[in-house]
Amino acid sequence: MGRLYNKFIVFLTALLLVSGLYAAPADAVSNSVSPVAERVLSVEIEEATIFELQHAMQRGVLTSEDLVHFYLDRIDEYDDRLNSIITVNENALEEARQLDKERKAGNVRGSLHGIPVILKDNYDTYDMPTTAGSLSLEGSIPLKDAYQTKRLRDEGAIILGKANLHEYAFGFQTISSLGGQTYNPYDVTKYPGGSSGGTAAAVASNFATVGLGTDTGGSIRIPSSFNSLVGLRPTMGLASRAGIIPLALSQDVGGPMGRTVEDVAVVLDAIAGNDPEDPVTETSIGNVPKTYTHYLKKNGLKKARIGVIRALFGNDPQVNNVMDRAIADMKALGAEVFEVTVPNLNQILSYPSLSGYEFKFQLNDYLTRLGPDAPVRTLTDIIESGKFHPSLEGGLKSRNEIESLENNEPYQEIITNRPKLTKESLMAVFNEQDLDALLYPTSSALPALVGKSQGAGNANRLSPYSGFPAISVPAGFSDDGLPVGLELLGKEFNEPTLIKLAYAYQEGTKHRKAPELE
């Protein structure tokens with residue numbers, strides 16, 4: 001481990017000495033170490049999973065306070081290069097101490113008890129500002145937590161801080177007027193993806209155990225691919241969007257980003273389910289298993305049927321080489337793999353995102369719910385304030401010119417026909433080959449140099465246009481060490497199958513590697 005980990009071990013050992021749990025050897029030259037100290041020395045926090053951290057805390061060789069100290073030290077030491085965090089929770093250590101007391105008393109709230117989590121800064125938090133990365137919302141503290149935020153806290157999670165994002169979730173570069181430019185921890189001259197790039201860079205860099213992002217077009221999956229993470233875009237309706245600053249509710253979802261499939265499954269357990277404040281989640285009733293962790297099966301690819309959409313591969317030879325190796329690995333792990341053609345694919349992908357239509361009206365609704373202390377009340381106020389990144393000006397103004405959705409014929413055509421066409425076309429492929437999932441690169445392009453344009457292809461559209469779930473999993477690296485992810489698309493509410501397939505691939509390949517921070 002690095003010098004930060006060594007400092008942490010020194011801290012823990014000192015803590016044990018003071019508490020009397022570990023007695024220093026009588027002979028100063030002795031190399032003997034007490035059993036408790038040996039257990040402490042075995043706690044590897046970097047890259048540790050939720051299961052591993054919970055086990056260490058349950059054994060008493062690690063505390064939540066230790067975890068928070070560790071992550072805050074890493075943020076202090078490394079985030080000046082990455083610029084991934086907008087706000088740190090100033091009460092995080094006190095919350096950790098309280099959770100440690102509860103654990104000691106035998107009261108464990110849930111599977112995330114004492115686990116530090118990073119939220120993309122478009123998730124409402126009652127005790128920290130929620131800004132969407134915009135100076136126009138600087139200092140804006142919502143009246144209550146977002147539904148997913150509250151569910152995490154109910155499970156015992158500590159909201160360690162809020163991560164930077166592409167302002168108002170508009171793009172893939174993760175630059176904002178409030179947070180500045182976030183950089184990729186694998187190469188700080190490159191983009192981290194977006195719009196959840198701050199969450200991705202933070203989780204990849206071990207600034208927290210797990211994180212939450214949002215995805216309207218690819219904003220969980222693309223930064224997960226660019227940061228060697230697992231990122232899940234849930235089925236539309238599986239998890240509530242209440243209290244998340246919207247981009248386009250016909251496509252918006254929130255979901256987990258983690259270093260492992262098992263961490264993503266644990267977080268999904270916490271956030272999935274019906275919320276009356278988001279009526280679309282009524283469809284989740286009867287579709288949420290007791291726990292997604294039951295589907296963490298190392299042999300999960302055995303006899304699985306995977307369809308490869310070669311038309312989504314793009315022209316980057318390094319990305320395509322990684323995908324070809326991934327397909328070979330899946331076959332070696334027992335999967336049957338088929339090349340498939342999606343009917344109407346070009347027509348589906350030619351549709352635009354509905355963020356160009358819905359954003360103004362849904363953002364205005366969100367701002368109204370902030371109450372009398374809201375710093376701005378409408379998109380017009382934001383534009384007039386000038387408090388946004390200059391690159392957003394055209395997009396904000398064009399969205400503000402939309403006068404109505406009900407009488408907007410292009411919008412009504414898209415909202416009526418696009419989901420039907422996409423779902424029917426995808427289900428035709430699933431049913432014809434009796435497939436478990438469809439496979440393609442999460443992004444057909446590698447992370448680009450900061451200052452250049454960032455492409456990602458258009459495969460990311462299939463999930464939001466259909467409402468079907470998709471998971472991005474680390475698949476390897478380019479010649480220059482840039483991460484590449486593969487995406488698996490499943491049928492509606494078939495997250496258990498995606499988790500099973502992704503976990504088996506993860507365990508069979510072990511592609512995830514932490515960045516070497518400086």
Side-chain angles (χ1 to χ4, degrees), residues 117 119-124 132 146-152 163 165-166 168-170 172 193-197 199-200 210-225 229-258 264-265 267-275 277-285 287-288 292 353-355 358-359 362-363 366 415 418-419 422-423 426 442 459-472 487-496 498-499 502:
V117 178
L119 301 181
K120 185 178 183 178
D121 198 19
N122 57 355
Y123 279 80
D124 279 356
Y147 178 84
Q148 291 191 33
T149 306
K150 183 178 184 301
R151 289 289 293 265
L152 292 179
L165 64 155
H166 200 110
Y168 285 110
F170 270 24
F172 293 148
S195 61
S196 308
T199 303
V210 286
L212 286 185
T214 61
D215 191 311
T216 304
S219 292
I220 286 173
R221 294 160 290 149
I222 289 167
S224 293
S225 174
L229 295 179
V230 180
L232 176 68
R233 178 191 162 93
T235 300
M236 176 64 72
L238 183 67
S240 173
R241 289 85 48 84
I244 298 174
I245 298 176
L247 181 57
L249 287 173
S250 62
Q251 298 172 206
D252 290 348
V253 298
M257 303 170 72
V264 163
V267 176
L268 190 61
D269 278 343
I271 64 174
N274 181 37
D275 172 20
E277 291 191 29
D278 185 1
V280 72
T281 58
E282 188 174 351
T283 59
S284 71
I285 297 173
N287 286 309
V288 181
Y292 290 100
S353 170
L354 289 177
S355 65
E358 297 179 359
F359 176 71
Q362 294 165 359
L363 177 66
Y366 169 84
I415 198 72
R418 191 186 70 184
T422 310
K423 289 180 180 181
L426 290 173
T442 308
N460 51 292
R461 299 182 181 187
L462 288 182
S463 178
Y465 288 5
S466 64
F468 292 176
I471 191 167
S472 181
E487 184 164 322
L488 294 170
L489 179 79
K491 291 177 280 190
E492 195 171 37
F493 293 110
N494 211 4
E495 281 83 358
L498 292 183
I499 287 168

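- Of all non-hydrogen atoms in Ser240 and Gln148, the two that sit nearest each other are O-NE2, 3.0 Å.
- In this structure, Leu354 and Arg418 have side chains that are in contact, with non-hydrogen atoms separated by less than 4.5 Å.
- Separation of atoms OG1 (Thr199) and CE (Met257) is listed at 5.5 Å; rounding is to 0.5 Å.
- For the atom pair CZ of Phe493 and CG of Asn287, the computed distance is 5.0 Å after rounding to the nearest 0.5 Å.
- For Lys150, the NZ atom sits in a loose shell: 12 or fewer heavy atoms of surrounding residues, nucleotides or ligands are nearer than 6.0 Å.
- At a threshold of 4.5 Å between non-hydrogen side-chain atoms, the residues Tyr292 and Glu495 count as touching.
- Taking 4.5 Å as the limit, some side-chain heavy atom of Pro256 sits within range of a side-chain heavy atom of Ile271.
- With Ile499 as reference, Leu268 is the one residue of Leu268, Val264, Asn494 to meet the side chain to side chain contact (heavy atoms under 4.5 Å, CB included) rule.
- Nearest heavy-atom pair, Ser353 versus Thr216, reported as atom, atom and distance to 0.1 Å: OG-CG2, 4.4 Å.
- Judged by distance alone, the side chains of Ser472 and Thr442 do bring a donor and an acceptor atom under 3.5 Å apart.
- Taking all atoms of both residues into account, the shortest heavy-atom contact from Pro223 to Gly194 is CD-O, 3.4 Å.
- Side chains of Ile415 and Glu358 form a contact here, defined as non-hydrogen atoms less than 4.5 Å apart.
- Within the 4.5 Å cutoff, the side chain of Leu152 has heavy atoms near those of the Leu212 side chain.
- Of the options Thr214, Asp215, Ile471, Leu238, a side chain to side chain contact (heavy atoms under 4.5 Å, CB included) to Arg233 is made by Asp215 and by none of the others.
- Glu282 contributes no side-chain N or O that, together with a main-chain N or O of Asn274, makes up a donor-acceptor pair within less than 3.5 Å.
- Using modelled atom types and a 3.5 Å distance limit, the side chains of Ser195 and Ser219 yield a donor-acceptor pair.
- Across every non-hydrogen atom of Ala146 and Gly243, the tightest pair is CB-O, 3.3 Å.
- Put simply, the side chain of Gln251 never gets that close to the backbone of Ser355: no donor and acceptor are under 3.5 Å apart.
- Rounding to the nearest 0.5 Å places CG of Leu165 at 5.5 Å from CG of Asn122.
- Contact annotation: the side chain of Val280 approaches that of Arg241 to within less than 4.5 Å [non-hydrogen atoms, C-beta and beyond].
- Closest approach of Ser224 and Ala200 over heavy atoms only: N-CB, 4.5 Å.
- When atom types are taken as modelled, the side chain of Ser463 and the backbone of Phe468 share a donor-acceptor pair closer than 3.5 angstrom.
- Rounding to the nearest 0.5 Å gives a distance of 6.0 Å between CG of Leu489 and CG of Leu462.
- Side-chain contact between Tyr147 and Thr281: absent, with no pair of heavy atoms (C-beta onward) separated by less than 4.5 Å.
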For a side chain to side chain contact (heavy atoms under 4.5 Å, CB included) check, start with the C-alpha distance between Asp252 and Ile244, then their side-chain angles and the critical distance, and finish with the verdict.
CA-CA 9 Å; Asp252 290 348; Ile244 298 174; over 6 Å; no
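- Atoms CG and CZ, on Leu488 and Arg221 in that order, are 12.0 Å from each other to the nearest 0.5 Å.
- A distance of 3.5 Å separates OH of Tyr366 from CG of Asp124, quoted to the nearest 0.5 Å.
- Taking each heavy atom of Ser284 and Gly237 in turn, the nearest pair found is CB-O, 3.3 Å.
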Start with the C-alpha gap between Lys120 and Ser196, add the side-chain angles, then the distance that decides, and say whether side-chain hydrogen bond (donor to acceptor under 3.5 Å, both in side chains) holds.
CA-CA 6 Å; Lys120 185 178 183 178; Ser196 308; 2.9 Å; yes
